[in-house]
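Encoded as structure tokens, the structure appears first; notes follow it.
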Number of protein chains: 2
Amino acid sequence: MKKQVSLADIRTFVVLAEQGSFTKAGEKLACSRSHISKQLAQLESSLGVSLLIRTTRTQHLTPQGEAFYERCKQSLNGISHAIDRVVESADSLTGNIRINCVGGYIAEEIIASLISDFMVQHPDINIELDFSSRRVDLVSGEFDFVFRMGELTDSSLIARKLTDIKINTYVSPKYLAKHGKPNEPKDLLRHRCIAGSLRNWTFIHDNNHKKVEVTVAGNLTCKSGRVMVSSAISGNGIIRVPELYCQTELAQGLLVPVFEQWQVEPTPFYLVYLQDRHQPLRLKVFKDYVVEHFISYLI
Amino acid sequence: MKKQVSLADIRTFVVLAEQGSFTKAGEKLACSRSHISKQLAQLESSLGVSLLIRTTRTQHLTPQGEAFYERCKQSLNGISHAIDRVVESADSLTGNIRINCVGGYIAEEIIASLISDFMVQHPDINIELDFSSRRVDLVSGEFDFVFRMGELTDSSLIARKLTDIKINTYVSPKYLAKHGKPNEPKDLLRHRCIAGSLRNWTFIHDNNHKKVEVTVAGNLTCKSGRVMVSSAISGNGIIRVPELYCQTELAQGLLVPVFEQWQVEPTPFYLVYLQDRHQPLRLKVFKDYVVEHFISYLI
DNA sequence: CCTCTTTGTCAACTTAGAGTCAACAGATGT
DNA sequence: ACATCTGTTGACTCTAAGTTGACAAAGAGG
């Protein structure tokens, strides 16, 4: 009996006070006169206060009703504005998009120019681009999108594959002239290999699809694709990097593939984002843009 | 799908955002987790916006959710305050009471002192006392109470009888000496009578309760009881007024009753107020005070 | 690594109460 | 006096608020 006031009743009261008639209020709220009447009766009962003195032809607010109306109207307007703002923010192409990209070559080259072009098309969207490679938590809300290589298992995330990154084993002609050419993966054990984060290199034979894993040795370990490539060109050893990392060097003949029959399993490249039933439009637009145009940036 | 946002859902969202857990919010709102979940899902769906990113163990507001929360919280607080104020105003002995009194003697003497004493007991209640005798509309909200003589029929009003006003026919000994004494009502036709608003005087015989109506004549018509009394004392004619109007004059022998066997039907004196299911406490207190103490002011 | 607990979600169900309809009574205009 | 408008009431319907219980995911804490 005390404080269980229905907000719907209050809304009805406010409309009623403005319309000055149960019938009109009913039209406004798309419901019957009787229901208006009941809601008001219920509201007054739960407040223990008469808000509206009414006869069949005339009605006016009590002093308390007037005060109550003013306050409630303000508050309901506030809520209405809040709703408008929120809907607007969801439908408009403004606001921030925060993106993280597992660093390196591809990111800086491709993603950066992809995003630049996106920003030209959507000048009101602000992009925060982060290349730090630390573990990033999408769920924490720090980022809206993350570009990632390799698998990612998390039920609340969506990983949209953008492409398979073709990885291969390369070496400089200079190195070959000096150390000879390996014919199969296990030969690598007798060669100097420049490794990124992984030293377990897996190869698949073209014909029988047999997998071979080799733990390579070498005196250089480096996570930068740039450094690896230039080091390989200098003849320091054999690298296994995405083809993208050294397309120009391959064209110039500074590097050549080591094997013909053995391939490296391609690594998928993902755009990862939160599974969100009500994705703001700007995020959806960005996602669609990336999915559609990503390929065309791969030279 | 557009704007049909349930206010209850918003309230739930606000509580949920504050509690940081569906379970706690459920306790706070005295309902089940599932329901909280449904309400939030429904709210997000009708807004088309995700407000809260949630896993089973962690949750946090989206940027839009945060903005929405802030605004809504404010507004809901506003409504909550409005409710508090209104309930408080109904339960507290403060505020105004606006009273109209059909003017004249009784009002000025009795009602005024009655109200004075009431105000002493309730110093925080402010009283607006109005003696204008114009037709007053309680329903218009201009007054909370009206003191009235005589019947009043209006279904939306309550007329609480305070007393029967004893009315009688008086004359000065001086007049009697000059014109003789009437023995029954119809004798009045041959006398000079001082009338208020009514010239149709009705009398009832003590024994057989027979009613007799006489349309009296006279060269003075006056609505002021004071004037009528003093005029009668001067020997100008016969008056028919409430006994209250001339108690002291009767005691001093300046006026005497005309008839012994014929009475004037007493007029009820009412406190009239709006039929209000949720009467503010100050009005109820006033009503009770008047009903209880009125008699004691009748000398 | 495993279990135990707790979390939010979902589907199926129950039921309170939102809302309607029709009959009514008071007020107003004609 | 009549017709027509008003808000109210009580009986009715049926939506949607809210529950229950099973479930999967995610920590917590060994």
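By convention in this document, chain letters (A, B, ...) are assigned in the order of the sequence lines, proteins followed by strands, and residues within each chain are numbered from 1.
Using modelled atom types, one side-chain atom of A:Glu44 and one backbone atom of A:Leu52 make a donor-acceptor pair closer than 3.5 Å. Looking at A:Arg199, its side chain does come within 3.5 Å of a backbone N or O of A:Val216 through a donor-acceptor pair. Counting only distance, with no hydrogens or angles, the side chain of B:Ser75 and the backbone of B:Cys72 share no donor-acceptor pair below 3.5 Å.
A sub-4.0 Å separation between OP1 or OP2 of C:dG17 and a side-chain N or O of A:Gln42 is absent. In terms of phosphate contacts, B:Gln59 brings a side-chain nitrogen or oxygen within less than 4.0 Å of OP1 or OP2 of C:dG8. Residue A:Ser37 has a polar side-chain atom (N or O) positioned under 4.0 Å from OP1 or OP2 of D:dT8. OP1 or OP2 of C:dG26 has not a single side-chain nitrogen or oxygen of A:Arg54 nearer than 4.0 Å.
Remark: B:Gln42 CD to B:His35 NE2 distance equals 7.5 Å, nearest 0.5 Å.
When the nucleotides D:dG7, C:dA22, C:dA11 are ranked by their closest atom to the side chain of A:Ser34, C:dA22 comes out on top. For B:Arg57, the listed nucleotide lying nearest its side chain is D:dA26; candidates were C:dT9, D:dA11, D:dA26. In this structure, the nucleotide among D:dG7, D:dG27, D:dT9 sitting nearest to the side chain of A:Phe22 is D:dG7. Comparing atom distances between the B:Ser21 side chain and each of C:dA27, C:dG8, D:dA26 picks out C:dG8 as nearest. Taking the side chain of B:Thr55 as heavy atoms from C-beta on, and the options D:dA26, C:dA12, D:dA11, the nearest nucleotide is D:dA26. Side-chain atoms of B:Thr23 lie closest to C:dT7 of the nucleotides D:dG7, D:dG18, C:dT7.
Rounded to whole angstrom, the span from the CD atom of A:Gln275 across to the P atom of C:dT9 amounts to 12 Å. Counting to the nearest Å, the P atom of D:dA16 and the CG atom of B:Asp9 are 12 Å from each other. Note: NE2 (B:His35) to P (C:dA11) measures 16 Å, nearest angstrom. Here D:dG18 presents its P atom at 10 Å from CG of B:Leu29, a figure rounded to the nearest Å. Between A:Leu7 atom CG and C:dG17 atom C1' the separation is 16 Å, expressed in whole Å. Rounding to whole angstrom units, NZ of residue A:Lys38 and C1' of D:dG7 are separated by 13 Å. Residue B:Gln39 contributes atom CD, which lies 14 Å from atom P of C:dG8 at whole-angstrom precision. Atom pair B:Leu40:CG and C:dT7:P shows a separation of 17 Å (rounding to whole Å applied).
Under 3.5 Å, the side chain of B:Arg33 and the base of C:dT9 form no donor-acceptor pair of N or O atoms. Side chain B:Lys24 to base C:dT7: no donor-acceptor pair is found below 3.5 Å.
Ion pairing of B:Glu18 with B:Lys28 is absent here, as no side-chain N (NZ or NE/NH1/NH2) approaches a carboxylate O to less than 4.0 Å.
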